[in-house]
There are 2 protein chains.
Amino acid sequence: MPHPDLPILPSESSHLTQKFGRETANYFSGSPLNRLSFLRSDTAFLRLAYAHPRARFLLLNNLHPLVQGSDSSRLAFATHADVAPLAGADPFAKSEEEMVEGFDSREEQVVVVFLGVDEKGEVEVEQRGEGEGEFEYKGFRGPPYFAVDVTPRGKGTAAAEGLIEAVKGRGYAFHDHSPRHMGLHAGQAAMYGQARALVDWNARTPFCAQCGQPTLSVHAGTKRVCPPADKAPGVERRPCATRGTVANHSFPRTDPTVIMAIVSADGSKVLLGRNRRFPKDWYSTLAGFQEPGESIEEAVRREVWEESGVRVGRVILHSSQPWPFPASLMIGAIGQAQPDGEEIYLGHDAELEDAKWFPLDEVREALAKGVSSLGDPAPTSHVEGALRLPPPTAIANRLITAVVDGWWVSSRM
Amino acid sequence: MPHPDLPILPSESSHLTQKFGRETANYFSGSPLNRLSFLRSDTAFLRLAYAHPRARFLLLNNLHPLVQGSDSSRLAFATHADVAPLAGADPFAKSEEEMVEGFDSREEQVVVVFLGVDEKGEVEVEQRGEGEGEFEYKGFRGPPYFAVDVTPRGKGTAAAEGLIEAVKGRGYAFHDHSPRHMGLHAGQAAMYGQARALVDWNARTPFCAQCGQPTLSVHAGTKRVCPPADKAPGVERRPCATRGTVANHSFPRTDPTVIMAIVSADGSKVLLGRNRRFPKDWYSTLAGFQEPGESIEEAVRREVWEESGVRVGRVILHSSQPWPFPASLMIGAIGQAQPDGEEIYLGHDAELEDAKWFPLDEVREALAKGVSSLGDPAPTSHVEGALRLPPPTAIANRLITAVVDGWWVSSRM
């Protein structure tokens with residue numbers, strides 16, 4: 001049974017389910033927004049969307065999102081009038097060319113990210129105001145959503161603090177929705193994930209990695225360019241290779257991460273591990289960063305061997321989960337140990353405190369009785385000393401569930 | 001039948017094949033090396049490995065690898081004596097702490113990347129010299145492999161040019177193994193992919209994206225740190241947030257990219273597209289960069305809709321392919337169009353010149369008769385005007401093949 005906090009796919013019950021079977025949608029996916037990425041350089045669109053009465057602004061303060069104070073599982077939003085004193089009444093007035101041409105390193109940019117348009121009106125059904133005409137542009141209809149970084153800093157400190165006080169005055173709050181507390185409703189978690197990843201990337205990456213000079217946020221928060229000149233007096237910009245070519249570090253970084261449930265060669269056990277930060281009896285799937293020049297399947301085999309000594313044969317890909325802490329993409333896989341490769345050895349890499357093979361029955365029991373978020377206490381059904389596992393909002397749980405449900409056996413490749 | 005240039009998995013014919021079915025291994029995967037990533041900070045290991053007579057050095061000149069002059073499908077390697085004048089006789093003498101402590105921005109680093117150890121002796125079977133004892137460290141045995149950036153630049157220009165002349169004198173050559181000419185043998189392509197990605201990342205990223213100051217390559221070419229001080233006279237280093245925390249841009253960047261074969265709702269057709277750079281009649285699968293805060297499955301649906309107007313329902317992950325141009329990871333998927341979403345519209349994004357639904361029979365015919373590398377002429381079996389497709393070394397070909405073979409129907413999720 002799907003967890004209530006997991007995204008529901010649009011085609012959940014269509015005939016596609018019969019053709020393809022279920023697609024696993026993980027927490028932080030399932031955004032209700034159409035990103036309309038091809039309109040990010042269309043300043044006419046951005047200006048109309050930003051100033052529209054239906055526009056909604058997701059505020060991030062130190063990366064914590066604004067939520068309904070009475071219900072931290074629901075995002076709260078600001079309006080154009082709220083954000084204008086900090087981000088400007090018309091921040092998209094200039095084209096990318098004009099912004100680059102007018103670059104002045106003395107100016108401090110408040111990053112505004114265009115998230116997308118809510119074509120189906122799913123985000124804010126109840127709060128829709130009276131007398132607000134629908135936003136429409138070139139056939140795309142629905143409230144436009146933006147994210148604004150309201151962390152007080154630099155010259156914008158007073159405006160940011162004023163905005164923060166104003167929204168708090170409405171009963172809203174900034175809530176820590178870190179991995180230890182994944183409590184946002186599904187579609188809203190996905191919107192927050194997108195906003196967090198892009199706001200954080202802009203904040204972490206103010207300089208060009210190629211030449212070391214300050215960069216400028218363009219494309220509605222999704223690109224940073226290295227301008228050739230600076231209006232600040234006495235500042236001579238050095239040449240930069242990114243100006244003549246498409247450079248990948250002009251674009252947001254997404255770090256692919258492998259996460260995998262490993263079954264024993266005979267299919268009777270699952271390999272799980274724990275690190276020192278986990279609560280007592282808590283285990284999860286192994287995981288690690290993808291390295292340059294290896295396939296996902298190879299990364300799974302490498303990480304499992306490095307962390308646990310277990311040698312893995314075939315690997316099949318299961319599903320994926322955006323993980324905006326700060327910029328990961330979790331790629332879930334199921335692998336099968338080689339018959340002579342099941343011995344556990346923790347000495348290669350000192351990452352895990354323990355790794356163990358768990359019989360499927362014990363894992364099934366734990367999925368039923370011992371599941372909770374990392375930051376929460378064990379559920380009352382949990383028996384002291386029994387295995388504890390991550391919640392359904394974690395892809396680790398989905399992978400472990402796929403193994404005990406026999407998904408990996410029925411998936412032929 | 002597997003293509004001769006595709007990697008053979010170690011467990012190809014074991015009982016794992018029966019349990020799991022085949023795992024698709026794509027070109028640029030299948031490295032014979034064990035990366036031993038946990039030894040990259042072990043200077044004792046690196047020093048012994050680097051100086052060992054069995055050590056082999058893959059040279060990259062402007063990112064082109066050194067190959068056997070008579071056979072450009074096989075890499076050629078240099079020895080310690082060859083690289084010492086450029087990269088130093090003992091470049092791993094200092095620990096990371098000592099390197100950071102002694103950082104002097106006036107010094108130019110020649111990047112040396114530790115690739116791994118060839119435990120099974122697969123890389124250089126024929127060229128093994130007499131009288132060279134096997135390399136062994138803490139139980140890991142086999143020739144160690146490194147990559148060295150020999151592109152002539154700065155103070156190292158003369159040494160680099162000398163090294164290049166020396167290896168050319170042995171009949172070796174630097175060969176363009178770009179995507180238009182994927183002609184390396186499978187395992188060697190994977191080694192080259194790893195080397196290229198890391199050498200290129202070090203060259204593209206000499207500055208800290210957080211603070212704009214020069215960084216230092218450590219961990220045998222797989223990490224860059226932002227030192228707190230500089231021995232160069234008069235250079236005052238500013239504070240940097242990366243020094244107190246683990247920052248993702250200290251590590252190589254890998255850009256996840258989705259690439260997908262889309263089948264029609266009834267399974268009878270495949271959606272393929274072409275851009276202006278493709279030769280006449282040449283089509284391939286659609287593809288695009290993963291964005292922050294979306295799952296792979298969502299990225300597939302977004303990119304297909306943006307580029308072709310087609311709306312996709314379920315998406316299943318197929319396999320992956322490292323793509324070191326400069327740092328992509330291709331994630332292959334198969335998706336099924338929604339029954340009312342098959343209409344093609346190219347107006348959202350101007351990326352494609354054309355997109356079309358091709359009946360499976362036509363695609364099967366093209367796989368048999370019209371397959372070639374992008375840079376090569378059509379095969380003689382190709383009939384003028386018929387569909388042309390990418391070669392088996394491209395994941396696009398593997399995905400299209402999976403569709404016509406019915407893989408997507410038999411994969412239940």
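So that the names make sense, note that chain A is the first sequence line, chain B the second, and so on, each numbered from 1. Hydrogens, waters and symmetry mates are skipped; everything else that's a heavy atom, side chains included, is used.
Residue pairs that meet the salt bridge (Lys or Arg N to Asp or Glu O under 4.0 Å) test with at least one member in residues 201-212 of chain B, sequence neighbours left out, are B/Asp200-B/Arg204. Every pair passing salt bridge (Lys or Arg N to Asp or Glu O under 4.0 Å) that includes a residue from residues 327-342 of chain B is listed here, sequence neighbours excluded: B/Arg311-B/Asp340.
B/Leu39 places a side-chain heavy atom less than 4.5 Å from the side chain of B/Tyr137.
Only the side chain of B/Phe140 comes within contact range of chain A, with heavy atoms under 4.5 Å apart. Within the 4.5 angstrom heavy-atom criterion, atoms from both the backbone and the side chain of A/Ile296 approach chain B. Neither the backbone nor the side chain of A/Ala241 comes within less than 4.5 Å of any heavy atom in chain B. For B/Gln210, the parts lying under 4.5 angstrom from a heavy atom of chain A are both the backbone and the side chain. With a 4.5 angstrom heavy-atom cutoff, B/Pro324 does not touch chain A via any of its atoms. With a 4.5 Å cut-off on non-hydrogen atoms, B/Arg35 touches chain A through its side chain but not through its backbone. With a 4.5 angstrom heavy-atom cutoff, B/Ala203 touches chain A only via backbone atoms. With a 4.5 angstrom heavy-atom cutoff, A/Glu351 does not touch chain B via any of its atoms. Residue A/Phe289: no heavy atom, backbone or side chain, is found under 4.5 Å from chain B. For A/Thr215, no part lies near chain B; criterion is any non-hydrogen pair under 4.5 Å.
Relative ring orientation between A/Trp305 and B/Phe38 is described as tilted, the plane-to-plane angle lying within the 30° to 60° band.
When each of B/Arg302, B/Gln213, B/Glu291 is scored by its heavy-atom pairs under 4.5 Å with chain A, the top score falls to B/Glu291. Among the candidates B/Ile331, B/Asp349, B/Leu329, the residue making the largest number of heavy-atom pairs closer than 4.5 Å to chain A is B/Leu329. For the set B/Trp323, B/Phe207, B/Tyr192, the count of heavy-atom pairs under 4.5 angstrom toward chain A peaks at B/Phe207. Taking A/Pro252, A/Ala327, A/Ala197, A/Ser328 one by one and counting their heavy-atom pairs under 4.5 Å with chain B, the maximum is reached by A/Pro252. The candidate from B/Pro292, B/Ala333, B/Ala350 with the greatest count of non-hydrogen atom pairs under 4.5 Å with chain A is B/Pro292. Note on B/Glu298, B/Arg224, B/Gln194: by heavy-atom pairs under 4.5 Å with chain A, the leading option is B/Glu298. Considering only heavy-atom pairs separated by less than 4.5 Å from chain A, the leading option among B/Ser320, B/Pro214, B/Gly193 is B/Ser320. The candidate with the highest count of non-hydrogen atom pairs below 4.5 Å against chain B, out of A/Cys211, A/Pro206, A/Ala247, A/Ala209, is A/Ala209.
The backbone N or O of B/Glu294 sits less than 3.5 Å from a side-chain atom of B/Gln290, completing a donor-acceptor pair. B/Thr205 contributes a side-chain N or O that, together with a main-chain N or O of B/Trp201, makes up a donor-acceptor pair within less than 3.5 Å. Between the side chain of B/Ser31 and the backbone N or O of B/Leu33 there is at least one donor-acceptor pair closer than 3.5 Å. Side-chain atoms of A/Ser308 come within 3.5 Å of backbone N or O of A/Val304 as a donor-acceptor pair.
If you take CD on B/Gln336 and OG on B/Ser264, they are separated by 8.0 Å, rounding to the nearest 0.5 Å.
Below 4.5 Å, heavy atoms of chain A meet heavy atoms from B/Arg253, B/Thr254, B/Asp255, B/Pro256, all part of residues 253-260 of chain B.
A/Ser217 meets the side chain to side chain donor-acceptor pair (under 3.5 Å) test with A/Asn202; sequence neighbours excluded.
Exactly one residue among A/Val315, A/Ile262, A/Val403 makes a side-chain contact (heavy atoms from CB on, under 4.5 Å) with A/Ile334. That residue is A/Val403.
Contact check on A/Glu297 versus A/Arg301 returns no salt bridge, with no Lys/Arg side-chain nitrogen under 4.0 Å from an Asp/Glu carboxylate oxygen.
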Side chain to side chain contact (heavy atoms under 4.5 Å, CB included) between A/Ser37 and A/His219, worked out
CA-CA 9 Å; A/Ser37 73; A/His219 271 230; over 6 Å; no
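Ring-centre distance between A/Tyr145 and A/Phe114: not below the 6.0 Å cut-off.
Donor-acceptor pairing under 3.5 Å is lacking for the side chains of B/Gln321 and A/Ser295.
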